[in-house]
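The block underneath contains the structure these notes are about, expressed in structure tokens.
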Amino acid sequence: MKKCALLPLALLGLSLGLSAQTPAAPQTPPPPAAVAITDADLKNVEAPQPELRAKGDPDGALTGTVSDVAVSDSKKGLTIADVVNQVGQNKIAINFVWTLIAGFLVMFMQAGFAIVETGLCRAKNAGHTMMMNFMVYGVGMLAYWLIGFSLQMGGVGAVGNLGGSPVLNSEFAVTLFGKTFGLFGQNGFFLMHNGTYDVTVMVIFLFQMVFMDTTLTIVTGSAAERWKFAAFLVSSFLLGAFIYPLFANWAWGGGWLANLGANFGLGHGYVDFAGSGVVHSVGGLCALAMAIIIGPRIGKFDRQGRPTAIPGHDIALVLTGCFILAFGWFGFNPGSTLGASGNGNLRIGSVAVNTMLAGMAGGFGAMLYMWLRYGKPDASMSGNGLLAGLVAITAPCGFVNPVASVIIGLIAGVLVCLSVEFMERVMKVDDPVGAISVHGVNGLWGVISVGLFADGKSNYGGSWNGVSGSVTGLFYGDSGQLVAQLIGVSALIGVVFVIYFAANVLVDVVVGQRVGAKAELEGLDLPEVGVLCYPEFEIKSK
């Protein structure tokens, strides 16, 4: 018994002895001093012998060595200038590849939009809805290549992340109150005008083109199941060539909205990191204008003006499309840094997480609202809530913290439900897919949220829109930023909506926006695009 009693004391003593002998945690060594590398040092670096490389390199020891650096003068051999030049080329190459891949992801969102809209429409119109979403890519790109890109981006100066090419630098501007107001670009038509056949311009074009195309496809949702295909083509061309590029220039192309900070001291000017306003609000407000012009579907409202539900034909398509869109949004938002190397671009990680969180919060908020209000979680509105959260975070994603991202997304999820009810019951607007509420209303909310929640922690190269320091919203001390954002909202509603509405009233007079009642009742697949999406389930009248 005494031995047993002494055992714990012995173990305690042993542990104390070990603790006493445990060395202190090692200190982090100071960083090594910078070492100057001379051209002589580089000449002493031996490249792998060709005969060794020819035998293969299974462990990678001979691949990607100094021999792969381009030498400007073979007589001098490898110099410091050669190495530094290669480092710069690698940085730009990383940013090129990142931006292009992000653009590819955004292009794939077109498939998501197509099946979300098609699933929310009736089977008799599925072919027509898919065809609009398919051809908006073609007609939109044609318009943008010919005219739109030049009007939007023809005035931008050097884009440092992509090599600093200055060849687009030609903005049409007027002077008011002693300040310069940029209105539209003048260089870059068909990517050949005035020396714009340039690799940096090509990358910018691809990335900006797929953003523009997202705007155009939003309108197809609000006008689905009754839009004449010919009118759709004309309207989409006008939007891609003139209306979208005009506002995009003001915000992203060096126009007057971006310069509200430099010219008038309003924060950093209008700030829209990835396009809540430029892309989504423009598309959503144009969708509202088109829905008003084209009118509701037959049977949407009863004789007392009360809305009647017209269910879509495939909720599986809808939610699959929402997942595709959420995936593509990782190109939309993080890709808007236009780079992954240098100049604060590692913030792509923060932007991606903010995007995820806001989308999650939007879907959860919409589901919870519908469950509490109607007793069941609604699948289509939950999907729209996810998209609403993603739309809302698109403008502030580079400037807010994760907590703010969740708050922005939750508000967006509830807001989209309230907006859909308001549009139907008060405005008497028929929007089959909720495009106006998802993109228009929550796009405006995203723009405003920058002026509220930007926390001043991000700093892309020391400035934004030519104003030094980080973007900071009202809740963190800068009321001027909120004013700049509200001016952007005013321009969206007062200019973009009005111009698009007026242009499409003219299209209605010349072409006619709406199909006939017979075609609408039977389905638009055969009358408008000449093919049935589901021939085995539809009855054709002879």
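Below, each value reflects all heavy atoms present in this structure, side chains not excepted, and no hydrogens, waters or symmetry copies.
Just one residue in the list Arg514, Arg122, Lys300 forms a salt bridge (charged side-chain N to carboxylate O under 4.0 Å, His left out) with Glu520, and that residue is Arg514. Checked against Tyr244 for a side chain to side chain contact (heavy atoms under 4.5 Å, CB included), the options Val278, Asp213, Asn249, Val496 give a single hit: Val278. Checked options Phe190, Trp252, Phe205; the residue passing with Phe149 is Phe205 (criterion: ring pair (Phe, Tyr, Trp, His ring centres under 6.0 Å)). For the side chain to side chain donor-acceptor pair (under 3.5 Å) test with Asn125, the passing option among Glu225, Arg226, Glu522 is Glu225; the others fail.
Between the CG atom of Leu452 and the OG atom of Ser479 there is a distance of 11.5 Å, given to the nearest 0.5 Å. Considering CG of Asp455 and CG of Asn401, their distance stands at 5.0 Å, rounded to 0.5 Å. Atoms CG and CG, on Leu183 and Leu246 in that order, are 8.0 Å from each other to the nearest 0.5 Å. Taking OG1 from Thr320 and CG from Leu325, the interatomic distance works out to 11.0 Å, rounded to the nearest 0.5 Å. With values rounded to the nearest 0.5 angstrom, Leu105 atom CG is found 12.0 Å from Ile324 atom CD1. With values rounded to the nearest 0.5 angstrom, Ile315 atom CD1 is found 8.0 Å from Cys322 atom SG.
The two residues Glu424 and Pro307 have their closest heavy-atom pair at OE1-CB, 3.7 Å. Pairing each heavy atom of Ser222 with each of Ala287, the nearest pair is OG-O, 3.0 Å. Between Ile393 and Ala358, the closest heavy-atom pair is CB-CB, 3.4 Å.
Annotation: Phe108, atom CZ; neighbour count of heavy atoms from other residues, nucleotides and ligands within 6.0 Å does not exceed 12. Crowding of Phe475 atom CZ: a count of heavy atoms from other residues, nucleotides or ligands under 6.0 Å exceeding 12. Atom CZ of Phe134 has 12 or fewer heavy atoms from other residues, nucleotides or ligands within 6.0 Å. Few gaps surround CE on Met367; more than 12 heavy atoms of other groups in view lie less than 6.0 Å from it. Counting heavy-atom neighbours within 6.0 Å of Phe364 CZ, excluding the residue itself, gives a total of 12 or less.
A donor and an acceptor atom, one from each side chain of Tyr500 and Ser235, are located under 3.5 Å apart. Looking only at atom types and distance, the side chain of Trp329 has a donor-acceptor partner in the side chain of Thr394 under 3.5 Å away. Between the side chains of Tyr144 and Gln208, not a single donor N or O lies within less than 3.5 Å of an accepting N or O. Looking at Thr472 and Asp478, their side chains never bring a donor and an acceptor atom within 3.5 Å of each other. Asn133 and Thr217 are linked by a side-chain donor-acceptor pair at a separation below 3.5 angstrom, with hydrogens and angles left out of the test. No side-chain donor from either of Thr308 and Asp302 sits under 3.5 Å from a side-chain acceptor of the other.
Note: Tyr270 and Phe247 have perpendicular aromatic rings, judged against thresholds of 30 and 60 degrees for the angle between ring planes. Using cut-offs of 30° and 60° for the angle between ring planes, the Phe229 and His128 rings count as perpendicular.
The aromatic ring centres of His439 and Phe113 sit less than 6.0 Å apart. Taking the centre of each ring, Phe207 and Phe211 come in below the 6.0 Å mark. Within the 6.0 Å centre-distance limit, the rings of His280 and Phe332 are counted as a close aromatic pair.
The ring pair (Phe, Tyr, Trp, His ring centres under 6.0 Å) test applied to Trp256 returns Trp250, not counting sequence neighbours. For the ring pair (Phe, Tyr, Trp, His ring centres under 6.0 Å) test, residues two or more places apart in sequence or in another chain that qualify with Phe189 are His193. Scanning for salt bridge (charged side-chain N to carboxylate O under 4.0 Å, His left out) contacts around Arg425 gives an empty result, with sequence neighbours left out.
Distance alone, capped at 3.5 Å, is enough to place a donor-acceptor pair between the Asn161 side chain and the Thr337 backbone. Judged by distance alone, with hydrogens and angles left aside, the side-chain atoms of Gln513 form no donor-acceptor pair with the main-chain N or O of Lys228 at under 3.5 Å. A donor-acceptor pair is defined here as one N or O able to donate and one able to accept, closer than 3.5 Å; no such pair exists between the side chain of Asn95 and the backbone of Leu162. Looking at Trp445, its side chain does come within 3.5 Å of a backbone N or O of Ile408 through a donor-acceptor pair. Side-chain N or O atoms of Asn442 include one that pairs as donor or acceptor with a backbone N or O of Ser437 at under 3.5 Å. A distance-only check finds no donor-acceptor pair linking the side chain of Ser405 to the backbone of Leu357 [under 3.5 Å]. A donor-acceptor pair is defined here as one N or O able to donate and one able to accept, closer than 3.5 Å; such a pair exists between the side chain of Gln485 and the backbone of Val447. Looking at Ser281, its side chain does come within 3.5 Å of a backbone N or O of Leu444 through a donor-acceptor pair. Side-chain atoms of Lys124 come within 3.5 Å of backbone N or O of Leu521 as a donor-acceptor pair. Counting only distance, with no hydrogens or angles, the side chain of Asp431 and the backbone of Ile436 share a donor-acceptor pair below 3.5 Å.
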